[in-house]
There are 2 protein chains.
Amino acid sequence: MSEQHDNLAFLIADTNRLIRQFFQQRLRCGPLTLAQARALFYVSRFEGVKQVELADALEIQPMTMARLLDQLSDQQLIERVQDPNDRRAYQIFLTAAAAPHLEEIERVSALMREQMRNTLGAEQVNHFMTTLMRLRDGLLDD
Amino acid sequence: MSEQHDNLAFLIADTNRLIRQFFQQRLRCGPLTLAQARALFYVSRFEGVKQVELADALEIQPMTMARLLDQLSDQQLIERVQDPNDRRAYQIFLTAAAAPHLEEIERVSALMREQMRNTLGAEQVNHFMTTLMRLRDGLLDD
DNA sequence: CCTATTTAATAAGCTAAGGTTATTATATGC
DNA sequence: GCATATAATAACCTTAGCTTATTAAATAGG
């Protein structure tokens, strides 16, 4: 009875829901939502940059970023430090407590890749990811 | 600066957001959310079945289905008819007003496929969709 | 046949992940 | 030195789900 076999929108929405569940079920080390995990991951890659730059990198609104950082800050995983060159801005840094969470994110990402390899076969994984990225980028400019 | 190049979860979440925007921007004929559109589409394919069966087909909870049908019913796109064999249940039918909405959904779906063909090339589209479906189904049984 | 369990729908309220608009304070360009 | 732009964020909205509990009806077992 599995239908709608040609609608990308429905299929992606579905997959999104399932992947979120996959992640949240496997993330030990306290409750991080997928969005929070993603934000934390980016902070680790771009440590010290301003919120607005992080928002830009994640392609979300500055307000959305501010809220995610609030949540991470509540859990003492990041710190806002006054930007010495701009008193309006903060630089975002990881705290020591972030390390195990980042490892956990890495672990679950690896699980996800393993799941993909099992389902699709190793050679198809990279190809699929590349294709998906192209698709996303194609949608980015309306 | 586009990073996280190997995290499916983040990539899917992103793509999901962009596709939802794509859909909502292009759906004329009144405001239907993607979830409502999807529900309406399924009703059209399985007209007359009970809510619980629809929920099952969409792989969402019966409560989630009930609310979607409320919304569609508010817009007079579907009707609940007492199931003659089960007084607890309703059979769901389209109204006449649904037809243009379904055409609109079809039109935007076609636009989406066209966008995919432009981005990926025609031969890759089917392959991609098949792969994505396999991935989803792989996630379905935890 | 009648009680126990299951099932269909849904009310109430929660969560996750965003978005918009408006405000405040600070930078910066002309 | 003023007008404009920018960084963060408060307040509130939207989309898309979920869980738990309730009511009414169906069905299974003794």
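The chains referred to below are lettered A, B, ... by the order of the sequence lines, with proteins before strands, and numbering in each begins at 1. Note that the structure is a prediction, hence the values are computed from the model and not measured.
Rounded to an integer number of Å, the gap from CE of Met63(A) to C1' of dT14(D) is 15 Å. Distance Leu34(A) CG to dA16(D) P: 18 Å, rounded to the nearest Å. Rounded to a whole Å, the CG atom of Leu58(B) is 12 Å from the P atom of dA16(D). Computed from coordinates, the Phe23(B) CZ to dG19(C) P distance equals 20 Å when rounded to whole Å. Atom P of nucleotide dA17(C) and atom CD of Gln21(A) are separated by 12 Å, given to the nearest angstrom. Across the protein-nucleic acid pair, Asp14(B) atom CG and dG18(C) atom P stand 8 Å apart, rounded to whole Å. Protein atom CG of Leu32(A) is 16 Å distant from nucleotide atom P of dT15(C), rounded to whole Å. Residue Asp56(B) contributes atom CG, which lies 13 Å from atom C1' of dT7(C) at whole-angstrom precision.
Of the candidates dA7(D), dT10(C), dA17(C), the closest approach to any side-chain atom of Ala89(A) belongs to dA7(D). Side-chain proximity of Gln51(B) to the nucleotides dA17(C), dA9(C), dA16(D) is greatest for dA9(C).
Checked against ring-ring contact (aromatic ring centres under 6.0 Å, His included), Tyr90(A) has no partners two or more places apart in sequence or in another chain. Partners of Arg20(B) according to the salt bridge (charged side-chain N to carboxylate O under 4.0 Å, His left out) rule, which considers only residues two or more places apart in sequence or in another chain, do not exist here. Among residues two or more places apart in sequence or in another chain, the salt bridge (charged side-chain N to carboxylate O under 4.0 Å, His left out) test is passed with Arg87(B) by none. Residues satisfying the side-chain hydrogen bond (donor to acceptor under 3.5 Å, both in side chains) test with Arg80(A), not counting sequence neighbours, are Gln51(A), Asp70(A).
For DNA chain C, the neighbouring residues in residues 64-80 of chain A, judged by any heavy atom under 4.0 Å, are Thr64(A), Arg67(A).
An OP1 or OP2 oxygen of dA16(D) is reached within less than 4.0 angstrom by no side-chain nitrogen or oxygen of Gln61(B). Put simply, Thr33(A) has no side-chain N or O that comes within less than 4.0 Å of OP1 or OP2 on dT15(C).
Mapping Gln91(B) and Gln36(A) onto DNA chain C via the closest heavy atom, the residue that lands nearer the 5' end is Gln91(B). Of the two residues near DNA chain D, Ala13(A) and Pro62(A), the one whose nearest nucleotide lies more 5' is Pro62(A).
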Nucleotides 24-30 of chain C: protein proximity per nucleotide (B base, S sugar-phosphate only, - neither; heavy atom, under 4.0 Å): -BBS---
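Side-chain contact between Ser109(B) and Arg113(B) is present, with at least one heavy-atom pair separated by less than 4.5 Å. Two residues are said to be in side-chain contact when any heavy atoms from C-beta on lie closer than 4.5 Å; Phe23(B) and Gln25(B) fail this criterion.
Using modelled atom types, one finds no donor on one side chain facing an acceptor on the other under 3.5 Å when comparing His101(A) with Gln36(A).
Relative orientation of the Phe128(B) and Phe128(A) rings is parallel, given thresholds of 30° and 60° on the angle between their planes.
Arg45(A) has no carboxylate O lying under 4.0 Å from a charged side-chain N of Glu53(A), or vice versa, which leaves the two without a salt bridge.
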